[in-house]
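Quick notes on the structure that follows.
In this chain, numbering begins with 1 at the start of the sequence shown.
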Amino acid sequence: MAGQGSSWNSTPLQVLHDVLGWIAFASWSISFYPQVILNFRRKSFSSRGAVRLKKPLFWLAAVCSVVGLNFDFVVLNLTKHSSYLIYNASVFFSSAVQRQYHQKFGFDQMIPVAANDVAFSIHAVLLTAITLFQIAIYERGHQKISRTATAIVIVAWLAAAVCVFVAVPHHKWLWLVSCFNTVQVVMTVIKYIPQAVMNFKRKSTIGWSIGNILLDLLGGVTNYAQMAVQSIDQKSWVNFYGNIGKTLLSLVSIFFDILFILQHYVLYPSKEKALPPKLDAVSKERILKSSENAHSDNVRHKFIFEHSSGTLHFQH
């Protein structure tokens, strides 16, 4: 388990370490929900979204929208959290990995993965998968996953597969899980870039939740503080470079979170109110096209919508 190899010298520091860890867990975990909720609450009139949901009178259907959320970010994020889950779970639960860690860094060192790290990784994979599902079924305008992001994900998993084939015959378990940790670090750096660039090009952060970033910043700070507390107690900085992935995860997250906060509150604050009319105009244009197509196809069914009762009647 996470505490093998050494013990805490100070009970107050141990308590502080655990409190900071679970604050990081709560902040990072809750940070996923604002975007999921925002995607559900935002409505966009679209024929294509309605068709996907198989609604009658499709050209008047109001569906949930993920317009403004960068899809590359979500896909890269899923690869990042999946890799991080493999690393955290392996180091925390595998005695073979822990033994090799102690052989490399010393038997007096504590395992650098805590229970909150494992819990966060599991939750992150689940919520990122839910967000990806929203992208699949909600209105997304003309947005799509880029070929670049697809290529990056394929290369990342191919590299991980190569590491597996190299490590298994030689039982290099610590090296293998460290490869997955490296993947998550690289993906952490890359995943933020598409959203930052998209915000810059649109000169707006509409459709993208700042609540996610504020909570992410709190998680990054408390996660780094948790590692610092352990180092102070152990009088050693091994856990920083022994789990370089966790260290860089905190630092990179803090850097990009500050950048996003500047974009949202300083650089593009007024665009949040200016963009919806433009989005509505696009939606209206698509509604008109859908209406024209519906009439030109000589649709057999006639739909009568009674506004007062909110019921829909079909006539053949």
Rounded to the nearest 0.5 Å, the CZ atom of Phe73 sits from the CD atom of Gln195 at a distance of 7.0 Å

Minimum side-chain heavy-atom gap Tyr192-Ser253 below 4.5 Å = yes

Residues that Phe25 engages under ring-ring contact (aromatic ring centres under 6.0 Å, His included), provided they are two or more places apart | Trp22

Going by chain and number, the hydrophobic cluster around Leu215 (ILVMFWY, side chain to side chain under 4.5 Å) further includes Ile30

Interatomic distance, CG@Asn88 vs NE2@His81, rounded to 0.5 Å, equals 11.0 Å

Do Ser95 and Trp173 have side-chain heavy atoms sitting under 4.5 Å apart?
-> no

Can you check whether Gly219's main-chain N or O pairs, donor with acceptor, with Thr222's side chain at less than 3.5 Å?
-> yes

Side-chain (Gln98) to main-chain (Val91) donor-acceptor, under 3.5 angstrom | yes

Say whether Asp216 and Ser31, considering side chains only, have a donor N or O and an acceptor N or O under 3.5 Å apart.
-> no

How long is the gap from CG on Leu76 to OG1 on Thr148, to the nearest 0.5 Å?
-> 10.0 Å

Got Tyr84 and Lys246 here, is their nearest side-chain heavy-atom distance under 4.5 Å?
-> yes

Short question: side chain of Ser231, backbone of Ser236 - any donor-acceptor pair under 3.5 Å?
-> yes

Determine whether Leu132 and Leu85 fall in the same hydrophobic cluster, where Ile, Leu, Val, Met, Phe, Trp and Tyr are linked whenever their side-chain heavy atoms lie under 4.5 Å apart.
-> yes

Can you check whether Phe200's main-chain N or O pairs, donor with acceptor, with Lys203's side chain at less than 3.5 Å?
-> yes

Gln14 and Ser10: side chain donor to acceptor below 3.5 Å | no

How close do Ile145 and Ala149 get, heavy atom to heavy atom, and via which atoms?
-> CG2-CB, 4.3 Å

Phe256 vs Leu259 side-chain heavy atoms within contact, under 4.5 Å = yes

Value for CD (Gln35) from CD1 (Ile213), rounded to nearest 0.5 Å, stands at 9.0 Å

Cut-off 3.5 Å, side chains only: do Asn199 and Thr205 have a donor facing an acceptor?
-> no

Do Gln109 and Asn239 come close enough that some side-chain heavy atom pair is under 4.5 Å?
-> no

Any side-chain heavy-atom pair from Leu249 and Trp28 closer than 4.5 angstrom?
-> yes

Can you list the other members of the hydrophobic cluster that holds Met227, where links are side-chain heavy atoms under 4.5 angstrom apart?
-> Tyr224, Trp237, Phe240, Leu251

Short question: side chain of Asp233, backbone of Leu13 - any donor-acceptor pair under 3.5 Å?
-> no

Ser178 side chain to Asn181 backbone, donor-acceptor under 3.5 Å = no

Which other residues end up in the same hydrophobic cluster as Ile154, if Ile, Leu, Val, Met, Phe, Trp and Tyr are linked when side-chain heavy atoms come under 4.5 Å apart?
-> Leu158

Tyr33-His123 aromatic ring centre distance below 6.0 Å | yes

Given the side-chain rings of Trp8 and His17, with only the six-membered ring counted for Trp, is the space between their centroids under 6.0 Å?
-> yes

Check: Ile86 main-chain N/O paired with Gln184 side-chain donor or acceptor under 3.5 Å | no

Smallest separation among heavy atoms of Phe92 and Ala114, with atom names | CE1-C, 3.8 Å

After noting the C-alpha distance and the side-chain angles of Lys191 and Val75, does the key distance pass the side-chain contact (heavy atoms from CB on, under 4.5 Å) rule?
-> CA-CA 8 Å; Lys191 74 169 187 175; Val75 173; over 6 Å; no

Starting from Val15, walk the hydrophobic network (Ile, Leu, Val, Met, Phe, Trp, Tyr; side-chain heavy atoms closer than 4.5 Å) and list everyone else you reach, by chain and number.
-> Val19, Ile23

Under 3.5 Å donor-acceptor pairs involving side-chain atoms of residues 159-168, not counting sequence neighbours:
none

So, Asp72 side chain and Ser146 main chain: donor-acceptor pair closer than 3.5 Å or not?
-> yes

Run the numbers on Gln226 and Asn116 for side-chain contact (heavy atoms from CB on, under 4.5 Å), then give the verdict.
-> CA-CA 11 Å; Gln226 181 192 34; Asn116 62 272; 3.0 Å; yes

